[in-house]
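One is the number of the first residue; the rest follow in order along the sequence.
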Amino acid sequence: MEAELSAALLTIEDERSWDAPAELDRSLHLEEAARSVGDPLLVHRARLCQANMRLRSGDIAGASDQIWQVHEWAVANDARVLMARTHLIWAAIHQHLGDAEQALEHALLSVELLDDDSTTHMHIWHRTKLADALWAADSMDAARVRYAQAEELAVLTGSPALLCLLNNRAYAEFDAGDHRRAEEVAGRLQRLAAERDIRLEPAFLDTIGTIQIGNGRHAEAEATMRLCIERHGEGRHDDADALPEYLLTLAQAQRGLAAYARAQASLDESRALCRDRDLVDVLVRVHQEQAELHAARGEFAEAFALHKTFFTAYQNLHSLQREARTRTRQAMFETAEARQEAERFREQARRDPLTGLHNRRHVDETLPALIESDPFLTVALVDLDHFKQINDRLSHSAGDAVLIEVAGILADGAAASCPAGFTARMGGEEFLIVLPGTPSGRAVVLLDQIRRNVRDHGWRELTHGLPVTVSIGVAASADVTAPTQPTLLSTADGQLYAAKHAGRDRVSAIPRGYASAA
């Protein structure tokens with residue numbers, strides 16, 4: 001079942017689809033199936049597919065919220081492939097927000113995280129998107145290096161992603177002003193499609209047509225765009241803004257041919273679709289092309305009027321885009337802030353308010369997994385000797401001050417000897433020290449030094465001469481058959497009792513009944 005679910009998710013992750021709502025629905029069903037078999041990796045892969053489809057549907061805030069959850073799980077579980085895919089989608093989110101710097105940072109991470117478990121498509125496509133991000137950040141020379149790497153791998157493996165890769169590079173070269181190189185890449189795209197007997201999809205034809213217009217080959221561009229619109233009409237490659245974009249490119253080609261009537265008809269059709277579908281950004285460029293068309297026909301007054309309309313619409317569009325980006329960034333910020341706040345409260349709930357050490361809740365959440373995974377785990381229960389005297393003869397505030405000071409000595413000693421461990425306050429004057437990867441014999445030596453540090457600390461000013469000492473009971477995983485948290489703590493508690501009974505201010509451990517005292 002897991003293998004079937006993984007294969008189904010891979011078709012969403014590594015194959016292009018033009019129906020984002022359908023793929024979103026499909027990935028939601030796959031998430032339910034993954035939950036039913038209890039596979040968290042498959043669950044989070046499905047959720048990342050959902051985030052990607054939300055992004056492609058225009059729900060940037062929804063995609064951002066979902067991607068945070070996936071990323072946190074991937075980092076916590078060292079799921080490198082999932083992390084790589086997460087950063088690629090994050091790059092796309094920042095690209096939509098117009099933040100080229102952040103998009104490039106995430107695109108770089110998406111490549112750096114690739115390993116032998118990454119699919120061939122990932123190795124090709126992540127490098128392609130890094131090249132796209134470099135182009136968007138005005139680093140075309142660096143982008144060419146990444147495009148070349150991706151192309152070499154795609155050619156070597158016969159990947160179908162090669163066509164899309166060449167399309168992206170051709171447009172990037174054109175946009176960067178290198179029309180000769182753009183035409184050369186577009187030529188490779190066309191030859192490859194012919195060799196593999198693959199029909200170029202409308203988006204690729206639009207790129208080719210745009211490059212032909214830039215190189216003054218308007219008749220070829222008109223033929224290319226008519227083929228583009230014909231294939232778009234088949235209904236297999238459709239986005240809301242696709243046909244208006246293609247009609248706009250066609251109008252530009254026709255203007256270049258001085259076929260002004262045909263250009264006006266194409267432009268009118270594009271304008272009507274923009275207004276019907278509320279495509280403000282495409283409509284702005286329609287206004288710009290209409291001004292160019294008026295000027296080409298010698299209608300300079302109309303061209304000037306349309307240019308003013310274009311300029312106003314352009315300003316309004318950028319204002320709307322800035323507002324949308326601000327709202328999305330705010331939603332992303334609030335999501336991140338809420339998570340940080342939740343994490344802060346979660347951490348506070350697992351800390352003792354007096355000493356700042358971890359508390360019993362943290363122990364209950366952390367210790368069982370350590371016991372299960374570490375055969376050399378040692379724990380120690382630490383109890384202050386005659387602590388009631390300090391409270392009775394001095395004050396409870398003095399007792400609290402002693403507890404805080406002892407907590408610091410225990411935590412510092414444990415951290416210095418075993419950085420992977422931790423110290424917790426179990427309640428009252430009792431503490432727990434957890435030492436992963438520390439066999440009993442070595443742990444006793446370390447704990448005896450901590451005991452001496454407590455005894456030899458400068459207590460006079462705080463306790464007015466009353467001594468402060470601790471007794472420590474030790475239990476190692478090796479001391480207990482099939483160790484669990486209750487059995488290990490019970491064993492440590494028995495050794496703590498033995499240390500108290502033997503005179504206090506000492507460490508007691510099994511199996512040899514080791515006892516130490518000054």
Fill in: Expected output: side-chain Ser395 to main-chain Ala398 donor-acceptor under 3.5 Å
yes
Worksheet item: If you look only at pairs with a residue in residues 367-383, which of them pass as a side chain to side chain donor-acceptor pair (under 3.5 Å), with sequence neighbours excluded?
Response: Asp383-Lys500
Practice prompt. Give a yes or no on whether the backbone of Ala142 and the side-chain of Arg144 come within a donor-acceptor separation of less than 3.5 Å.
Written response: no
Worksheet item: Backbone N or O of His123 within a donor-acceptor pair of the Arg127 side chain at under 3.5 Å?
Response: yes
Discussion item. On a heavy-atom basis, which atom in Ala84 and which in Met122 lie closest, and how many Å separate them?
Written reply: CB-CE, 4.0 Å
Worksheet item: Does the pair Leu447 and Leu435 meet the rule for a side chain to side chain contact (heavy atoms under 4.5 Å, CB included), with working shown?
Response: CA-CA 10 Å; Leu447 292 163; Leu435 302 171; 4.3 Å; yes
Worksheet item: Can you find a pair of side-chain heavy atoms, one from Pro40 and one from Trp73, that are under 4.5 Å apart?
Response: yes
Practice prompt. For Ala100 and Ala137, work out which heavy atoms get closest and say how close.
Written response: CB-CA, 4.3 Å
Fill in: Modelled atom types, side-chain donor and acceptor of Thr355 and Asp352, under 3.5 Å
yes
Show me the donor-acceptor pairs within less than 3.5 Å that the side chains of residues 401-422 make with the rest of the protein, sequence neighbours left out.
from	atom 1	to	atom 2	distance (Å)
Glu405	OE2	His457	NE2	3.2
Ser417	OG	Gly413	O	3.0
Ser417	OG	Ala414	O	3.2

Discussion item. What verdict does the side chain to side chain contact (heavy atoms under 4.5 Å, CB included) test give for Gln495 and Ile510, after you've listed the backbone C-alpha separation in whole Å, the side-chain angles of each residue and the deciding distance to 0.1 Å?
Written reply: CA-CA 8 Å; Gln495 291 305 306; Ile510 56 173; 2.9 Å; yes
Fill in: Closest approach of Ala33 to Leu5 (non-hydrogen atoms, all atoms of both residues)
CB-CD2, 3.5 Å
Discussion item. How long is the straight-line distance from CG of Leu114 back to CG of Leu109, given to the nearest 0.5 Å?
Written reply: 11.0 Å
Worksheet item: Are Glu32 and Arg35 within salt-bridge range, i.e. N to O under 4.0 Å?
Response: no
Worksheet item: Got a salt bridge between Lys388 and Asp392, using NZ or NE/NH1/NH2 to carboxylate O under 4.0 Å?
Response: yes
Worksheet entry | Sidechain-backbone polar pair: Glu429 side chain, Phe387 backbone, donor-acceptor under 3.5 Å | no
Fill in: Nearest heavy-atom neighbours spanning Ser508 and Ala498
OG-CB, 3.8 Å
Practice prompt. Please check if the distance between the ring centroids of His126 and His87 is under 6.0 Å.
Written response: no
Worksheet item: Out of curiosity, Ser440 OG to Leu377 CG, how far, rounded to the nearest 0.5 Å?
Response: 11.0 Å
Worksheet item: What do you reckon, is CZ of Arg196 surrounded by more than 12 foreign heavy atoms closer than 6.0 Å?
Response: yes
Discussion item. Using modelled atom types and a 3.5 Å cut-off, is there a donor and acceptor pairing between side-chain atoms of Thr487 and backbone atoms of Pro483?
Written reply: no
Worksheet item: Charged N to carboxylate O under 4.0 angstrom, Arg361 versus Asp364?
Response: no
Item to complete: Would you check if Phe204 and Leu189 make a side-chain contact, meaning some heavy-atom pair closer than 4.5 Å?
Response: yes
Discussion item. Nearest 0.5 Å, please: how far is CG in Leu55 from CD1 in Ile89?
Written reply: 7.5 Å
Worksheet item: If we only count heavy atoms from C-beta on, is the Thr423 to Leu432 side-chain gap below 4.5 Å?
Response: no
Worksheet item: Does the side chain of Met53 reach to within under 4.5 Å of the side chain of Ile12, using non-hydrogen atoms?
Response: yes
Worksheet item: Rounded to the nearest 0.5 Å, what separation is found between the CG atom of Leu134 and the CG atom of Leu104?
Response: 5.0 Å
Worksheet item: Is there side-chain contact between Arg45 and Leu10, with at least one heavy-atom pair below 4.5 Å?
Response: yes
Discussion item. Under a 3.5 Å cutoff, is there a donor and acceptor pairing between the side chains of Tyr147 and Asp132?
Written reply: yes
Practice prompt. Quick one: closest heavy-atom pair of Thr86 and Ile67, and the distance?
Written response: O-CD1, 3.4 Å
Worksheet item: To the nearest 0.5 Å, what is the distance between CG (Leu466) and CH2 (Trp459)?
Response: 11.5 Å
Worksheet entry | Spacing of Arg351 atom CZ and Arg425 atom CZ [to the nearest 0.5 Å] | 14.0 Å
Practice prompt. Please determine which of Arg146, Glu112, His106 meets the side chain to side chain contact (heavy atoms under 4.5 Å, CB included) test together with Leu130.
Written response: Arg146
Worksheet entry | Short side-chain to backbone donor-acceptor contact, His362 and His358, under 3.5 Å | no
Discussion item. Is there a side chain to side chain contact (heavy atoms under 4.5 Å, CB included) between Leu446 and Gln449? Walk through the geometry before answering.
Written reply: CA-CA 5 Å; Leu446 299 174; Gln449 183 57 56; 5.9 Å; no
Worksheet item: Got a salt bridge between Arg169 and Glu173, using NZ or NE/NH1/NH2 to carboxylate O under 4.0 Å?
Response: yes
Worksheet item: Heavy atoms, side chains only, cut-off 4.5 Å: are Leu24 and Asn52 in contact?
Response: no
Discussion item. Quick one, Phe431 and Leu384 - any side-chain contact, counting heavy atoms below 4.5 Å?
Written reply: yes
Discussion item. Taking the ring centre of each residue, are Trp90 and Trp68 less than 6.0 Å apart?
Written reply: yes
Worksheet, complete the sentence: Heavy-atom closest pair (Met83 atom, Ala74 atom, distance to 0.1 Å) is CG-CB, 3.5 Å
Worksheet item: Just by modelled atom types, is the Ala8 backbone N or O under 3.5 Å from a matching donor or acceptor in the Thr11 side chain?
Response: yes
Worksheet item: Taking side chain as C-beta onward, heavy atoms only, is Gln485 less than 4.5 Å from Ile371?
Response: yes
Worksheet item: Hey, mind stepping through Asp493 and Tyr497 against side chain to side chain contact (heavy atoms under 4.5 Å, CB included) and telling me if it holds?
Response: CA-CA 6 Å; Asp493 191 54; Tyr497 177 80; 6.0 Å; no
In a table with atom names and distances, give each donor-acceptor pair under 3.5 Å that connects a side chain of residues 155-167 to protein atoms at least two apart or in another chain.
from	atom 1	to	atom 2	distance (Å)
Thr157	OG1	Leu153	O	2.9
Ser159	OG	Ala161	N	3.0
Asn167	OD1	Thr207	OG1	2.7

Worksheet item: Looking just at side-chain N and O atoms, do Thr469 and Asp385 make a donor-acceptor pair shorter than 3.5 Å?
Response: yes
Fill in: Derivation and outcome, salt bridge (Lys or Arg N to Asp or Glu O under 4.0 Å), residues Asp117 and Arg80
CA-CA 9 Å; Asp117 292 328; Arg80 286 180 63 90; over 6 Å; no
Discussion item. Using a 6.0 Å cut-off, check whether atom CD of Gln389 has over 12 heavy atoms from anything other than its own residue.
Written reply: yes
